[in-house]
Structure formats: C-alpha cells, structure tokens
Amino acid sequence: LKDTLILAMSAFGGPQAHISYMFKLMVEKRNYVSEGELIELNSLCQILPGPTSTQTITAIGYKIGGTKLAFLTLLVWILPAGAFMVFLSVYLTVLEGNGVSLDFTKYIQPMALVFIFYSGLKLSQKVLKSKTANILFVLSIFVSIAITYLLGDKNIGAVLFPVILIIGGFITSTLKFRRQKKERIKHSLNIDWTYFIWFVLVFVLAIILGNVFSNKFVLLFENFYRNGSLIFGGGQVLIPLLKTEFVMLKGYLTNEEFLSGFGFVQGMPGPVFSFTGYIGGLSVKEHGILAQLLAGSLSLLGVFLPGTLLIFFVIKFWEELKQYRFVRASLEGISAVASGMVMAAVVTLLFSVNVNDWSVTTSVNINVNENKGLINILVMLGTFAMLKWDKVPAPFLILAGLFAGIIF
C-alpha cells in the first residue's frame, strides 16, 4: 500500500506511462510480480473496459493479498488524484468569480504529450520481440489514427479500439499457437459470476433510477458508470467522449473550463479517469460546495466501479485461463497493438484534423515561426531529454512546468 501511494503521488503521464512506473517499482525494485506477469496483466486489462492502469495495479494487489488488499490498493491509488480534481472544481468555481487566469498551466500539455510518447517507447521496447509484433505495432498506429480522424468524437470509435486489440490477439494466437509450450490442463475453468452479476445489476439500476427520478446527481452517476463500462484504452479515449457529452451536448461545462481541467489532470499523477471528479463537481456548481463535493465523489465512483467489478470477475480465473496455449499466444498481439495505440494517442492528442476540409491544427502550438511555438518545442525536447537520461524525476518536471507558466 505504501508503494501504491508512492505511485499515486509520482506516476505522471496517463495509463501508458503508469505501466513503466510499475515496471520500475513493482517488478524491478520490489519483485511483487515478474515482468512477464505484469505484461500479461496489462494486456488483460487492455481488453477490458475501464481504466487500464487502475485495473492493472488492482490486479497486482489481488495477486499479492486477495480481494481485501485489492480493494485497499484501489482506494489508495485513486484517492490522491480524485480528491484533488474534485476540490479543483470547487476552487475554480471561486476563481471564475474573480476573473483569475489559468494560463500558468500552458506548459503542462506539451510536457504530458512527451510523457505519453516516452512511456509508449519504453513499453514497445519490452513487448516488440518478433517480426509479427512489429508489423502489428505499425499497423495499429495507422488504423488507430484513421479511426480517430474519420469518426471524430462518435462513440463507435471507442467500440472499435477493443476490436483492434482482439484482432491483434487473434492473429498471434493463430500464427503462434503451436510455438507455445503444451501444458497439461490441471484445472478446468471454474468461473464465479458474482462480480459480473453485480456489474450488470448496477448498470441496469442506474439507468432505471436516472430515467425515473431525473435527478442530476443520479444522472451523473449513470453517465459515468456507462462511460466506465464502455470505454476501452484508458483516459485518452475517455477525454473526447466527455467533451462531447458534457460540453457540446449538455452544456454542463464551458469549453474553457473543460480544457483547464484537462490541463491540470495531464499534470497530475495517478489515474486520468480522476478527471471525472472535476467534471462532476463543476456540473452542479450552481448548487454550492457540498453539492460539488457529492457530485464529484459520485462521478468518481461511477467511472471506477465497473472496471473494478470486471477485473475482480476475470482475475479469479485468469491463472486457469492462461493454461490454454491460444490464450498465451494472443497476449503478444494484444501487447503489440496496445503499444501502437499509445503512439497513435500522441499524434491524435497533438493534431486536430477537420475532416470536411482536411485542415490541420495543433492542440499544442508548434509553429517555429512564433515564439510561443518555439518555446513549446523546446519544452517538449527538454522534457524528453530529462526522461531519457533520468536527470530529473517526473514530479519535479511538472512542478518546473507550472513554475515557468506562473513566471511567463
């Protein structure tokens, strides 16, 4: 739990970056699990809906100490970032009334893009060990970018990403099935359906209560439980869907409020899904501070609960499932595709394409002819150099970025 708290306070860069922190602390330093076990768990969580890094670290807790430790690991992991983002929604409500600028976060976004890129680079070095894996890695980059640009913010994009992961797993399972060492099946699959039943019951109950009472707090829980049940691939997939639902369709937040919160969560350690606590809090800002705290907490519960129930359901028979050669062979393809999706996330977060006229804009100003763009390029290069040569720990890089934003 102490090591989980250290990760929750220092693991920047989103789910793809978190895995590299877990390798360093949970595998290399503590040896809680082996490198192969962590890659397997991460691959498993990639094909489940919900926050990938949260499910992975919860699964590690389960392997070490069972269900009770897994629940405690989950709480320790999400509380720091979740509490900060909920309180931030309250604080920004006060700042908005006083006209305070949030431009001091302007260097956090280019730094966060580098964190994601670097984590994808490190992950690919660990999992790309064959020609087939490298081909799947490259193909997944192009396919993921194409899906994002052609479908934009449509929900079908979130459905297609897990399909790509499954296809990658099917390819290596088919091609490399016979290369896997044949093992005697010691135990047949013994599936306990309890957590899956709870997953479905809460989903149905939230929808019914939301439609019957039309209460904003219940509706927020239902919205985020639905998102947590359908989102694959981590926070990078969640962000555009949240913007569509809460800014464009419902108007709970302004575009400025949404982007300010996104900048902060990029600079926060821990799960990117904690952004939902911020959105929930600002969605009820007209009802006062206590309402914001309640709505933010319900939003966090809603988005994290489905993924938690699903990982508890699957992890109980995961060791038995791995006995089958086709399952073990599929993990190479899933990991390779997941690595490619990380690299694609960097491109899609950096560039925005208008599919009507194919004009390209950047979410981070990178125009070398402008001082602001040149500074952002230098920030990105400097961040990469610091990460590459381990000169400065990630938390200090983020603090330096905030400090520079305040000064300039």
Side-chain angles (χ1 to χ4, degrees), residues 1-33 38 41-42 45 51-61 64-65 69-91 104-105 107-109 111-116 118-119 122-123 234-236 261-278 281 293 296-297 299-301 303-304 307-308 383 386-387 390-406:
L1 293 177
K2 182 195 72 174
D3 289 330
T4 301
L5 182 60
I6 290 173
L7 284 177
M9 301 292 287
S10 62
F12 292 88
Q16 293 79 19
H18 297 160
I19 189 67
S20 63
Y21 286 95
M22 291 179 198
F23 270 114
K24 186 173 291 187
L25 181 59
M26 300 292 195
V27 176
E28 296 172 7
K29 188 174 181 180
R30 300 297 191 196
N31 198 31
Y32 291 134
V33 292
L38 181 54
L41 289 175
N42 187 61
C45 295
T52 303
S53 55
T54 300
Q55 291 170 315
T56 301
I57 200 167
T58 302
I60 293 173
I64 296 169
L69 184 60
F71 269 118
L72 290 173
T73 301
L74 171 70
L75 290 175
V76 171
W77 169 248
I78 67 176
L79 275 176
F84 179 85
M85 294 307 294
V86 173
F87 284 116
L88 179 64
S89 70
V90 176
Y91 186 59
F104 64 89
T105 65
Y107 297 129
I108 298 302
Q109 192 168 344
M111 293 176 72
L113 288 171
V114 177
F115 276 109
I116 297 171
Y118 183 73
S119 65
K122 296 286 285 184
L123 182 59
Q236 280 69 35
F262 178 61
F264 270 106
V265 82
Q266 290 291 317
M268 281 292 298
V272 176
F273 273 47
S274 60
F275 187 38
T276 57
Y278 169 87
L293 295 176
S297 301
S299 300
L300 288 171
L301 177 63
V303 81
F304 281 107
T308 302
T383 303
M386 292 297 181
L387 291 173
D390 291 326
K391 296 296 182 183
V392 181
F396 293 102
L397 286 175
I398 296 296
L399 289 174
L402 288 172
F403 187 64
I406 292 171

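The model shown is predicted, which means the values in this text are computed figures rather than measured ones.
Partner of Thr73 under the side-chain contact (heavy atoms from CB on, under 4.5 Å) criterion, chosen from Thr4, Ile64, Leu5: Thr4. Checking Leu300, Val90, Leu88, Val86 one by one against Tyr278, the side-chain contact (heavy atoms from CB on, under 4.5 Å) holds for a single residue, Leu88.
Closest approach of Leu1 and Val76 over heavy atoms only: O-CG1, 3.8 Å. Considering every non-hydrogen atom in both Gly401 and Met111, the closest pair reads CA-SD, 3.8 Å. Shortest non-hydrogen contact noted between Pro51 and Phe304 is CG-CD2, 3.7 Å. Nearest heavy atom pair, residue Gly270 against residue Ala81, reads CA-CB, 4.5 Å. Ser274 and Val265 get closest at one heavy-atom pair: OG-CG2, 3.8 Å.
Annotation for Phe87: atom CZ does not count as buried by contact number, only 12 or fewer foreign heavy atoms lying within 6.0 Å.
Between Met26 atom CE and Ile57 atom CD1 the span is 4.0 Å, to the nearest 0.5 Å. Within the model, atoms CG of Asp3 and OH of Tyr21 stand 15.0 Å from one another, a figure rounded to the nearest 0.5 Å. Of the inter-residue distances, the one linking Tyr91 atom OH with Phe84 atom CZ reads 10.0 Å to the nearest 0.5 angstrom. Note that OG1 of Thr58 is 9.0 Å distant from CG of Leu75, once rounded to the nearest 0.5 Å. How far CD1 of Ile78 is from OG1 of Thr308: 7.0 Å, rounded to the nearest 0.5 Å. In this structure, Ile19 CD1 and Met22 CE are separated by 5.5 Å, a value rounded to the nearest 0.5 Å.
Checking side-chain atoms of Tyr32 against main-chain N and O of Ile60 turns up no donor-acceptor pair under 3.5 Å.
Note on ring orientation: taking the six-membered ring where Trp is involved, the planes of His18 and Trp77 are perpendicular (angle over 60°, cut-offs 30° and 60°).
Residues Thr54 and Cys45 are not in side-chain contact: their nearest non-hydrogen atoms beyond the backbone lie 4.5 Å or more apart. Between Thr56 and Leu38 there is a side-chain heavy-atom pair separated by less than 4.5 Å.
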